[in-house]
Structure formats: C-alpha cells, structure tokens
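Computation of the quantities below employed the complete heavy-atom set of this structure, encompassing side-chain atoms and omitting hydrogens, waters and symmetry-equivalent molecules. Quick caveat, the model's predicted, so the values are computed rather than measured.
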Amino acid sequence: MTYKDCYLEGISRLKGAGVPQAEWDARLLLEYVCNTDCSMLLAHGDEEVNGEKQEAYFALIHKRMQRIPLQFLTGEQAFCGLTFQVNEHVLIPRQDTEILVEEALKRLEPGMRVLDMCTGSGCILISILSLREGMRGVGVDLSNEALKMARENADLLLRGSRQPEWICSDLFNALNKPDGEEERFDMLVSNPPYIPGPMIETLMPEVRDYEPKTALDGGEDGLLFYRRIVKEGKDFLKENGWLLFEIGCEQKDAVSALMAEAGFCEIECRKDYAGLDRVVIGRKNQR
C-alpha cells in the first residue's frame, strides 16, 4: 500500500468506528509510525509503506477505534511549546490549561517558589520552570505512577535547570507545615479533579474509560478538592501569595465564593480560548 492508501484506509476504519476527527488522527498516527511530517502526504503520498510499518499503523488504528486516546498511543502531548510524555496514569494536558500557566507567569519573578497541587504529568509546574528562570517548585500528587511520569518529563525538559521536588501526598498531608514565612510558597497552582462524580459516565469514552478517574472525580458537586485546597493551602502561602485554580466552566462563582470566604482578595477569573470561564485567581490577604 502507498502512504496515501494507508492514510485513506485509516480514515475509513476510524470513521466506521465513530471516532471524531478521523482524518486528523489517521494522519498523526501514520506520521508517528513512519517518522514523517505533514508534507509527506502531499509530496510523497505515492511512496510504498513497507509491510512492517503497515502492520504497526493498522494496529494503532485498531486501538484508536476502541477509543484509546491518540496521546496514549503516541505517548506524548504538546503543551506550552513543550512535548510531554503521557500515559494512562496521568491526565492528558489540555490547551485550556495553558491559560493557568500564562496567568501564573504574569505574577512570578525569579527566586519565587511555586507549589503545584495535583501535578499529574507535571505539565503546569515544568512549563512554569521552563519559561521563567530562577524559579523553584514542588509538585504534589496522590499517585506514585503520576509522579514517576512527572519526574521523567522534568528530566527531559528541564536539563540544566533547577529540578522540582516531587512529593506523593493526599494534598497537604505529607507536606511539612512551614515554621516561618521563608518556608512558605509565593504561589499555589492547581488543576484539581473537578468533574462532579455523577457526570463522569456522561463523558466521551476517551476520557471516561481511559484517563485516570482519580484525576477527574471532584466529588458529588465537583468542589471537593477546591474546598480542601482553599482551606488548607493558606498555611502554605506567604502573605500576599497567589492561589490559581483551573475550574470547570460553570464553577466560577462557587470557587470564587470559597476563596472569598477563606479571606482571599483580588479574586478574578480568566476565560479560555473558547470564551469559557477557566482560571480563578486570588491573593492571600495581609494580616
């Protein structure tokens, strides 16, 4: 089969299985297997693909037909201009989460310390440390498997930079409470689980069946982790320190109210690229 023939057959099989964006996925999987880029299809589509690569390609097409996420098949996802390794133990980084990184960078200066709660693949913390020199960071996650992936990403993407500290903990439980202001963090960022538990079964199969439920399930109303982080996180923030959350698009008012009740000020919200509420920001009040 030629390169173009493989591509068209891949599209046909994916469409037949009801996979969205079949053309996109068929092309990216073919490029992944053949180690090519988007120009190959146009310039050399009539070139033959050897039998071994054909077999590997259609094996991946079959897995994608089962709705295994594309990123878990290729093992990577772009985020903030970097390529992160991903697997079934971490949430796949989304473009909307880049808003959280952008807002964090606006408020950070060299020498500051950042705490990333529910770090997963490490994409938020590693992006911050990569894009702002002289920063120090700690990433926390309940999953040892997620932290293993975060460490691998840090080793690949932060060569020559200060490596983060990675801590396995149920939120703040395993962290030492700061004795003084110098031990506290200048910023706490988090993309916590925020899908209401009853809604998880309604999600698209790529998310519902393959991404880790511990990274999705935010309790009955989706606010479980926001409540804990707002309440417990204050002890780990410096005076005037920043708290930044990614939120579900309908959670702005609820999360803002939690922060206000806890004494945070300068509370505001930023929208994502689709115009939906996505990041809530607040500042710890001075004593």
Side-chain angles (χ1 to χ4, degrees), residues 14 19-29 31-32 37-38 64 67-108 114 116-132 137 139 141 146 149-150 152-154 156-158 187 189-195 199-200 202-212 215-216 218 222 225-226 244-252 255 268-281:
L14 292 179
V19 176
Q21 297 183 310
E23 294 89 347
W24 175 264
D25 288 5
R27 181 173 64 79
L28 289 182
L29 287 174
E31 290 170 6
Y32 172 73
D37 58 30
C38 58
R64 186 68 187 98
R67 306 303 287 268
I68 298 174
L70 175 73
Q71 295 88 343
F72 289 166
L73 298 178
T74 63
E76 61 185 36
Q77 170 69 2
F79 182 83
C80 284
L82 303 170
T83 300
F84 285 84
Q85 306 301 301
V86 295
N87 61 21
E88 69 276 12
H89 300 295
V90 300
L91 199 67
I92 297 168
R94 268 72 169 176
Q95 187 181 30
D96 289 337
T97 306
E98 294 182 3
I99 306 297
L100 180 61
V101 174
E102 292 171 7
E103 293 300 324
L105 291 172
K106 292 176 184 177
R107 295 162 174 81
L108 288 170
V114 180
D116 179 16
M117 190 57 63
C118 309
T119 193
S121 67
C123 64
I124 295 171
L125 182 58
I126 292 169
S127 296
I128 289 172
L129 298 180
S130 173
L131 295 167
R132 180 73 79 246
D141 203 281
M149 180 59 64
E152 291 178 9
N153 280 319
L156 287 170
L157 299 171
L158 293 175
M187 180 178 286
V189 296
S190 184
N191 178 18
Y194 59 70
I195 306 297
M199 289 185 59
I200 289 179
T202 70
L203 300 175
M204 59 191 301
E206 285 85 348
V207 179
R208 181 192 67 220
D209 297 336
Y210 293 102
E211 295 198 70
L216 298 170
F225 290 90
Y226 295 111
L244 283 78
F245 282 123
E246 177 169 334
I247 61 166
C249 61
E250 298 180 351
Q251 295 173 321
K252 169 190 170 182
V255 174
E268 54 187 320
C269 183
R270 292 287 181 270
K271 296 183 182 296
D272 61 23
Y273 301 112
L276 302 174
D277 292 331
R278 189 57 60 191
V279 174
V280 170
I281 305 155

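Across Ile128 and Ala104, no two heavy atoms sit closer than the pair CD1-CB, 3.8 Å. Looking at every heavy atom in both residues, Thr202 comes nearest to Met199 through OG1-O, 2.5 Å. Shortest non-hydrogen contact noted between Gly137 and Leu125 is CA-CD1, 3.9 Å. What you find for Pro192 and Phe225 is that their closest heavy atoms are CB-CB, 3.7 Å. In plain terms, the two heavy atoms of Phe84 and Ser127 that are nearest each other are CZ-OG, 3.6 Å.
Partners of Tyr194 by ring-ring contact (aromatic ring centres under 6.0 Å, His included), not counting sequence neighbours: none found. Listed by chain and residue number, Asp116 satisfy the side chain to side chain donor-acceptor pair (under 3.5 Å) test with Thr119 (two or more places apart in sequence, or in another chain). For the side chain to side chain contact (heavy atoms under 4.5 Å, CB included) test, residues two or more places apart in sequence or in another chain that qualify with Asp277 are Ile247, Lys252, Cys269, Lys271. A search for salt bridge (Lys or Arg N to Asp or Glu O under 4.0 Å) contacts involving Glu206 returns Arg64, Arg67, not counting sequence neighbours. Partners of Arg270 under the side chain to side chain donor-acceptor pair (under 3.5 Å) rule, at least two apart in sequence or in another chain, are Glu103, Glu268.
Side-chain contact between Tyr273 and Arg278 is absent, with no heavy atoms from C-beta onward closer than 4.5 Å. No side-chain heavy atom of Val90 sits less than 4.5 Å from a side-chain heavy atom of Pro212. For the pair Thr74/Leu28, no side-chain contact is recorded, criterion being any heavy-atom separation below 4.5 Å from C-beta on. At least one side-chain heavy atom of Met187 sits less than 4.5 Å from a side-chain heavy atom of Arg107. In this structure, the side chains of Cys118 and Pro193 come closer than 4.5 Å at one or more pairs of heavy atoms. Inter-residue side-chain proximity for Asn153 and Cys123 is flagged as unmet; no heavy-atom pair is nearer than 4.5 Å. Side chains of Leu91 and Leu216 form a contact here, defined as non-hydrogen atoms less than 4.5 Å apart. Put simply, the side chain of Phe245 does not reach to within 4.5 Å of the side chain of Gln251, judged on heavy atoms.
In this structure, Phe79 CZ and Arg94 CZ are separated by 11.0 Å, a value rounded to the nearest 0.5 Å. Atoms CG and CG, on Leu73 and Asp25 in that order, are 9.0 Å from each other to the nearest 0.5 Å. Atom-to-atom distance recorded for His89:NE2 and Phe72:CZ is 9.5 Å, nearest 0.5 angstrom. Rounded to the nearest 0.5 angstrom, Asn87 CG and Ile92 CD1 are separated by 10.0 Å. In this structure, the separation between SG on Cys80 and CD1 on Ile126 is 11.5 Å, given to the nearest 0.5 Å. Annotation: the span from Trp24 atom CH2 to Leu14 atom CG amounts to 14.0 Å, rounded to 0.5 Å.
Using a 4.0 Å cut-off between charged nitrogen and carboxylate oxygen, Glu23 and Arg27 do not count as a salt-bridge pair.
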Checklist entry - Passes salt bridge (Lys or Arg N to Asp or Glu O under 4.0 Å), Glu102 versus Lys106? Steps please. => result CA-CA 7 Å; Glu102 292 171 7; Lys106 292 176 184 177; 6.0 Å; no
Item to check | Verdict with reasoning, Leu82 to Ser130, per side chain to side chain contact (heavy atoms under 4.5 Å, CB included) | outcome: CA-CA 9 Å; Leu82 303 170; Ser130 173; 3.9 Å; yes
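Evaluation of the side chain to side chain donor-acceptor pair (under 3.5 Å) test over residues 77-86, restricted to residues two or more places apart or in two chains, returns Gln71-Gln77.
Of the possible donor and acceptor atoms, none in the side chain of Glu246 sits under 3.5 Å from a partner among the backbone N and O of Leu100.
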